[in-house]
There are 2 protein chains.
Amino acid sequence: MQFVALSIMNKKEIGKIIRDRRKFLKITQRDFSEIVGLSLRNYIDIENGKANPTFEALKKITDAQGLEIIIKVD
Amino acid sequence: MQFVALSIMNKKEIGKIIRDRRKFLKITQRDFSEIVGLSLRNYIDIENGKANPTFEALKKITDAQGLEIIIKVD
DNA sequence: AACTAATGTGCAATAAATTGCATATTCTAT
DNA sequence: ATAGAATATGCAATTTATTGCACATTAGTT
């Protein structure tokens with residue numbers, strides 16, 4: 001299984017990644033927000049790049065989607 | 001220049017990475033927090049893994065340290 | 001050991017993230 | 001075109017992150 005590493009510049013990009021992933025997994029925002037343990041409202045705003053989520057909110061989402069947060073140190 | 005990709009599990013790990021990097025760059029927390037535009041108090045807490053920083057706070061720090069935030073999608 | 005520099009902490013006030021609700025809008029399936 | 005499903009939004013209340021200050025503690029240098 002080949003992976004893609006996406007460098008994150010801003011919150012809009014985060015939103016795009018997690019939305020694409022959620023659609024790929026074929027699950028609604030409502031259901032997913034429940035699984036993750038975030039309010040539906042917050043989750044929607046994050047997907048739309050409108051919220052500035054805390055690290056832990058982000059971690060919950062990415063964990064639930066089987067994604068990995070990485071910091072690259074040169 | 002060879003890099004290292006560090007997978008992040010929790011806020012403590014973030015703290016460790018940015019502290020190590022700051023020390024490597026030989027700059028005090030006070031000076032660095034000013035450069036970044038975060039309160040000294042918040043910056044200290046983040047380094048100690050006590051704060052749950054927003055994505056944007058994290059981005060400011062990593063940008064200032066020449067680090068990259070990545071999401072890995074398999 | 002003494003002094004200075006750097007880091008850490010209690011605390012309250014402020015700012016910003018999060019939440020939940022009702023409703024509007026958009027999307028999808030038929 | 002229609003109905004139902006899914007998503008988006010205004011809003012206020014609540015919760016949590018952030019801030020700045022004084023002072024304590026630790027680290028580094030001589």
Side-chain angles (χ1 to χ4, degrees), chain A residues 4 6-74, chain B residues 4 6-74:
Chain A
V4 180
L6 301 170
S7 184
I8 307 299
M9 299 302 288
N10 56 59
K11 57 191 184 188
K12 267 190 168 300
E13 291 178 351
I14 290 180
K16 186 173 190 321
I17 292 171
I18 61 175
R19 170 167 284 168
D20 288 350
R21 186 69 166 184
R22 179 181 60 76
K23 288 185 170 180
F24 173 74
L25 298 170
K26 293 186 177 18
I27 178 170
T28 63
Q29 292 179 333
R30 173 186 294 281
D31 287 347
F32 187 64
S33 70
E34 278 170 21
I35 292 172
V36 170
L38 290 188
S39 72
L40 174 60
R41 179 50 195 265
N42 195 24
Y43 182 71
I44 287 173
D45 286 345
I46 292 173
E47 265 201 21
N48 286 307
K50 289 184 177 179
N52 172 26
T54 60
F55 165 73
E56 279 174 358
L58 217 46
K59 193 74 172 81
K60 280 181 170 182
I61 294 173
T62 51
D63 279 351
Q65 294 191 331
L67 305 178
E68 203 178 341
I69 300 179
I70 288 171
I71 292 188
K72 202 162 110 184
V73 185
D74 57 38
Chain B
V4 178
L6 301 170
S7 184
I8 308 299
M9 299 302 289
N10 57 58
K11 59 191 183 188
K12 264 187 170 303
E13 290 178 351
I14 291 182
K16 186 174 188 322
I17 292 172
I18 63 175
R19 171 167 283 167
D20 287 350
R21 185 71 164 181
R22 178 179 59 78
K23 287 185 172 180
F24 172 76
L25 298 171
K26 293 186 179 12
I27 180 171
T28 63
Q29 293 179 332
R30 174 186 294 280
D31 286 347
F32 187 65
S33 69
E34 279 170 18
I35 292 173
V36 170
L38 289 188
S39 73
L40 174 60
R41 180 50 196 267
N42 196 25
Y43 182 72
I44 287 174
D45 285 346
I46 293 173
E47 265 201 19
N48 286 308
K50 290 186 175 179
N52 173 25
T54 61
F55 165 73
E56 279 173 356
L58 218 47
K59 193 75 173 81
K60 279 183 174 182
I61 294 173
T62 50
D63 280 350
Q65 293 190 334
L67 306 178
E68 204 177 339
I69 300 179
I70 289 173
I71 292 188
K72 203 161 107 182
V73 185
D74 55 41

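For clarity, every value in this text was computed on a predicted model and none was experimentally measured.
- C/dA16 atom C1' lies 14 Å from atom CG of B/Leu38, rounded to whole Å.
- With hydrogens and angles ignored, the 3.5 Å screen pairs no side-chain donor or acceptor of A/Glu68 with any backbone N or O of B/Ser7.
- Rounded to a whole Å, the NZ atom of A/Lys26 is 18 Å from the P atom of C/dC27.
- The shortest distance between the side-chain N/O atoms of B/Arg41 and the OP1/OP2 oxygens of D/dC23 is not below 4.0 Å.
- B/Leu40 has its CG atom 13 Å from the P atom of D/dA22, to the nearest Å.
- Across the protein-nucleic acid pair, B/Gln29 atom CD and C/dT7 atom P stand 4 Å apart, rounded to whole Å.
- In terms of modelled atom types and a separation under 3.5 Å, the side chain of A/Asn10 and the main chain of A/Glu13 share a donor-acceptor contact.
- The side chain of A/Asn52 contributes no N or O atom lying less than 4.0 Å from OP1 or OP2 of C/dA16.
- Ranking D/dA17, C/dT19, C/dT7 by closeness to the A/Thr54 side chain, first place goes to D/dA17.
- For A/Ile44, whose side chain is taken as the heavy atoms from C-beta onward, the closest listed nucleotide among D/dT19, D/dT9, C/dT19 is D/dT9.
- For the pair A/Lys50 and C/dA17, the criterion of a side-chain N or O lying under 4.0 Å from OP1 or OP2 is not met.
- Each ring pair (Phe, Tyr, Trp, His ring centres under 6.0 Å) pair with one or both residues in residues 49-74 of chain A, not counting sequence neighbours, would appear here, but there are none.
- For B/Arg30, there are no salt bridge (Lys or Arg N to Asp or Glu O under 4.0 Å) partners, not counting sequence neighbours.
- As rounded to whole Å, 10 Å separates atom P of C/dT18 from atom NZ of A/Lys60.
- Taking side-chain N and O atoms only, B/Arg22 has a distance below 4.0 Å to OP1 or OP2 of C/dT7.
- Looking only at distances, a side-chain donor or acceptor of B/Gln65 sits under 3.5 Å from a matching main-chain atom of B/Ile18.
- Side-chain proximity of A/Arg19 to the nucleotides D/dA8, D/dT19, C/dG8 is greatest for D/dA8.
- The separation between B/Leu58 atom CG and D/dT18 atom P is 10 Å, rounded to whole Å.
- Within the nucleic acid shown, B/Asp45 has no heavy atom closer than 4.0 Å to any nucleic acid atom.
- One can place OH of A/Tyr43 at 14 Å from C1' of D/dA8, the figure rounded to the nearest angstrom.
- Remark: A/Asn48 is not in phosphate contact with D/dT7, judged by side-chain N or O atoms under 4.0 Å from OP1 or OP2.
- Taking only side-chain nitrogens and oxygens, B/Arg30 never comes nearer than 4.0 Å to OP1 or OP2 of C/dG8.
- Following rounding to the nearest Å, B/Glu34 (CD) and D/dG20 (P) show an atom-to-atom distance of 10 Å.
- The phosphate of D/dA6 has neither OP1 nor OP2 within less than 4.0 Å of any side-chain N or O from A/Lys23.
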